[in-house]
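So the structure is just underneath, and the comments pick up after that.
We number each residue from 1, following the sequence as shown.
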Amino acid sequence: MSADDDRTSLYRALQLERHASHDEIKTAYRRLSQIYHPDKHLDEQRKLVATEQFTKMKDAYEILSDPLKRRVYDEYGMEGVQAMQAQGLELTKFEDIRAQFERAGGAGRSAGHHNQAQDRDALFQIKNSLRTSVDGRGLVELLHNLAHSDDDEYAMFFSPLIVTQTTLGADASIYLTNKDSVRLQGSFVSKNGKGGSGPLTVTARRQFSSRSFMESSLFFRPSKKGLGIPQVLALKLWRGISERSSLMLEASTNLLQSHSTMAITCSRQLTSLTVGQLSWTASHAGDDCSGGVICAFRRMGGDLEDDLSIDRQSPWYRRVVAWLLSLAYPCAYQMTWSVGEADTGVSASIKRGIGRGVYRLGENDGAHWKLRGRFGLDGWLVELGGGRSYVHHNMSWGLALACSNEGIHVRFKADRAGHRVVVPVLIADTPLPTVAVASLSVLIATVVSIQLFVARPLKKRATQRRKQHEFELRSEDILAARKQARDSVVLMSETVRACREREEQVPGGGLLIIKAFYGAEHKLARCKADGVIPENQEIDFGYIDVTDALQSRVENSQLHLFASSKSTLTGFWDPTLLEEEEIALRIWYRFQNELHCCTVSDYDAVDLPLRDHRL
């Protein structure tokens with residue numbers, strides 16, 4: 001059991017949150033005693049089950065109702081309470097108890113911190129990359145000849161794909177201390193049958209504080225004689241000047257030639273989702289000097305609920321605006337303007353999740369599409385792509401089609417645990433519209449095929465294996481939780497019957513739970529009020545029936561549940577096996593003889609009845 005679970009188990013026994021008041025603890029204990037007190041059950045089997053539950057509940061109440069024991073429990077868990085009782089510290093001040101526990105456990109905590117520091121000191125990370133550039137113009141020519149030439153031998157003369165360059169890269173990071181690290185970046189390049197070592201970069205980083213760091217880099221160009229002398233020296237300084245603003249200075253100089261560059265960048269967090277940057281750049285080469293200004297604006301994806309709230313009573317034009325904003329708010333935008341002698345232009349990009357894909361605060365999980373464009377004095381570029389990320393599997397893949405003044409390219413990339421493979425393919429050296437449309441059609445067909453015939457079956461099999469593995473590891477706990485919930489439902493049968501009779505006698509009709517399911521949210525969306533779960537099939541279905549468990553909590557035609565996981569409530573248990581599955585509670589209920597329905601996330605509060613739930 002984790003430390004957090006040990007410090008909340010007593011609250012779960014009384015179906016309370018940690019910040020519950022003393023009166024709420026008393027009320028919960030009295031209410032549950034009406035269900036679990038052994039004297040209320042005549043059947044011997046039910047009495048044994050009720051006795052076991054009542055004992056847990058009573059032990060929890062004895063600790064949580066005592067202010068000192070509760071404070072020790074919140075701080076140190078059951079281990080602290082047991083040690084306090086064993087040493088006779090019930091009448092001691094909490095500060096004295098804390099001091100004694102810290103003296104007893106100080107060495108262990110220090111050793112733990114020391115071990116963590118040792119783990120970090122020994123941390124070594126390496127990432128590999130493979131980039132293979134392919135010339136696919138022969139493939140386009142081949143398809144053109146097959147379609148327009150009657151001579152098959154002439155049509156097959158062209159080599160469809162030619163590998164023009166292959167680059168193997170390695171990026172290694174070594175954490176020397178908590179504040180010092182060294183990074184090595186190198187590559188091996190093979191071009192047109194000739195190979196050689198690429199540039200090598202050595203970067204040292206010093207983290208002065210959470211608000212400042214410095215990096216210094218040396219760039220080498222290896223030769224047959226060895227590593228050689230460094231060619232470029234670079235320096236970077238970053239400093240947070242306020243909670244929302246930062247300043248960065250970058251400078252580099254070529255040690256073999258008279259060429260230096262410098263950039264000063266100021267960043268400002270405009271809102272919780274938007275960041276603005278302004279950079280000034282300058283370079284010096286011989287007798288020539290040049291400079292420029294770069295302005296960038298970036299917005300990360302956000303939810304509509306964070307900025308605008310509507311309901312069914314809102315005017316139609318407000319709902320239309322909210323719908324349009326709901327399409328734009330989850331998007332991530334980025335725009336950059338640059339003015340200078342070396343580079344003048346504007347670029348923009350937009351990225352949005354597809355289906356259940358989420359792009360929020362820089363975290364991407366699921367499918368997405370991306371549109372990027374750039375127009376400047378040196379040329380133009382339009383790129384359309386898409387892909388899918390699997391955060392829990394630490395992998396992603398993507399495809400993109402780029403059309404520019406230099407031609408048409410198709411790019412495929414795949415990432416796995418920090419290792420990347422990139423394959424750019426040159427389709428045409430001129431931006432022909434027909435070739436671009438054909439390439440886009442093939443790209444879309446490829447993405448759909450990968451998703452339907454490769455990614456989805458692999459994900460389904462992997463999910464099944466993970467569920468089977470989780471069930472094997474947690475089978476005893478899952479079956480015990482299911483048995484406890486079933487026993488609790490049996491014990492509360494009289495309470496449920498009395499509650500229903502009481503609500504039926506309310507003038508106009510009280511609150512009656514017609515059906516309630518608890519489990520995986522995406523499976524609850526297909527449930528109906530007349531659905532039935534076969535016995536012992538809850539795990540396969542992904543949800544459980546909690547109708548009676550909710551009805552027993554109805555008081556005065558109202559139902560209130562705290563904003564915490566519902567799996568801790570009496571008669572509930574979690575039938576899902578994977579942590580990433582979203583859990584929800586779906587309820588059909590009748591109030592004042594009208595049918596209502598709602599779906600509530602696992603950690604959201606429940607307040608019934610509400611007019612918005614009316615069907």
I'd like to know whether M262 forms a side-chain contact (heavy atoms from CB on, under 4.5 Å) with L249, so could you lay out the CA-CA distance, the side-chain angles of the two residues, the decisive distance to 0.1 Å, and finally the verdict. CA-CA 8 Å; M262 185 177 67; L249 170 65; 3.9 Å; yes
Under 3.5 Å, is there a donor-acceptor pair between the side chain of [X] and the main chain of [Y]?
| X | Y | result |
| --- | --- | --- |
| R299 | C331 | yes |
| S601 | D604 | no |
| N254 | Q257 | yes |

Heavy-atom pair of closest approach, residues [X] and [Y]:
| X | Y | result |
| --- | --- | --- |
| A285 | H259 | CB-CD2, 3.8 Å |
| E243 | R211 | N-NH2, 4.1 Å |
| R374 | S347 | CG-CB, 3.7 Å |
| S217 | T201 | CB-CG2, 4.4 Å |
| I126 | H419 | O-CE1, 3.5 Å |
| A605 | V600 | O-CG1, 3.7 Å |

Listed by chain and number, what are the side chain to side chain contact (heavy atoms under 4.5 Å, CB included) partners of S242, not counting sequence neighbours?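 Testing S242 for side chain to side chain contact (heavy atoms under 4.5 Å, CB included), a comparison that skips the adjacent residues, returns S245, R268.
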Given the rule in the side chain to side chain donor-acceptor pair (under 3.5 Å) test, do Q125 and S173 qualify, once you have shown the distances and angles that lead to the verdict? CA-CA 5 Å; Q125 296 178 350; S173 298; 5.3 Å; no
Counterpart residues, side-chain hydrogen bond (donor to acceptor under 3.5 Å, both in side chains), relative to [X] (two or more places apart):
| X | answer |
| --- | --- |
| S212 | S209 |
| D602 | Y518, S565 |
| T599 | R586 |
| S181 | none |

Contact between [X] and [Y] at the side-chain level, heavy atoms closer than 4.5 Å - yes or no?
| X | Y | answer |
| --- | --- | --- |
| T253 | V232 | no |
| T261 | T281 | no |
| K370 | S349 | yes |
| E521 | K523 | no |
| L247 | I264 | yes |

For a side-chain contact (heavy atoms from CB on, under 4.5 Å) check, start with the C-alpha distance between I583 and T576, then their side-chain angles and the critical distance, and finish with the verdict. CA-CA 8 Å; I583 305 176; T576 61; 3.6 Å; yes
Please round to the nearest 0.5 Å and tell me the distance separating atom [atom1] of [X] and atom [atom2] of [Y].
| X | Y | atom1 | atom2 | answer |
| --- | --- | --- | --- | --- |
| W280 | I294 | CH2 | CD1 | 12.0 Å |
| S396 | D415 | OG | CG | 4.0 Å |
| C295 | F297 | SG | CZ | 10.0 Å |
| K413 | W397 | NZ | CH2 | 11.5 Å |
| I450 | R388 | CD1 | CZ | 12.5 Å |
| R420 | N128 | CZ | CG | 13.0 Å |

Pair L235, L233 - check side-chain contact (heavy atoms from CB on, under 4.5 Å), show working. CA-CA 7 Å; L235 181 68; L233 172 64; over 6 Å; no
With sequence neighbours excluded, residues passing ring pair (Phe, Tyr, Trp, His ring centres under 6.0 Å) with F213: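 With neighbours one apart ignored, the set is W238.
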Looking at F375, I'd like to know if its CZ atom is crowded, meaning that more than 12 non-hydrogen atoms belonging to other residues, nucleotides or ligands lie closer than 6.0 Å.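 Buried by this count: over 12 neighbours within 6.0 Å.
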Could you pull out all residues at least two apart from [X] that satisfy salt bridge (Lys or Arg N to Asp or Glu O under 4.0 Å)?
| X | value |
| --- | --- |
| R372 | E383 |
| R206 | D180 |
| R131 | none |

Can I get a per-line list of side-chain donor-acceptor pairs under 3.5 Å for residues 163-171, giving both atom names and the distance, sequence neighbours left out?
from: T164; atom 1: OG1; to: S133; atom 2: O; distance (Å): 3.2
from: Q165; atom 1: NE2; to: T167; atom 2: OG1; distance (Å): 3.4
from: D171; atom 1: OD1; to: R183; atom 2: NE; distance (Å): 3.0
from: D171; atom 1: OD2; to: R183; atom 2: NE; distance (Å): 3.2
from: D171; atom 1: OD2; to: R183; atom 2: NH2; distance (Å): 2.5

Would you mind writing out the side-chain donor-acceptor pairs for residues 399-409 within the sub-3.5 Å range, not counting sequence neighbours?
from: S404; atom 1: OG; to: E406; atom 2: N; distance (Å): 3.2
from: N405; atom 1: OD1; to: W380; atom 2: N; distance (Å): 3.2

All N/O donor-acceptor pairs, side-chain side in residues 431-447, below 3.5 Å, sequence neighbours left out:
from: S439; atom 1: OG; to: V435; atom 2: O; distance (Å): 2.7
from: S441; atom 1: OG; to: V437; atom 2: O; distance (Å): 3.0
from: T446; atom 1: OG1; to: V442; atom 2: O; distance (Å): 2.7

Assess the side chains of S283 and S290: does a donor N or O sit below 3.5 Å from an acceptor N or O?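 Note: S283 and S290 side chains meet the donor-acceptor criterion.
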Given R352 and W369, is the side-chain contact (heavy atoms from CB on, under 4.5 Å) satisfied, shown in steps? CA-CA 6 Å; R352 193 185 195 281; W369 61 264; 3.9 Å; yes
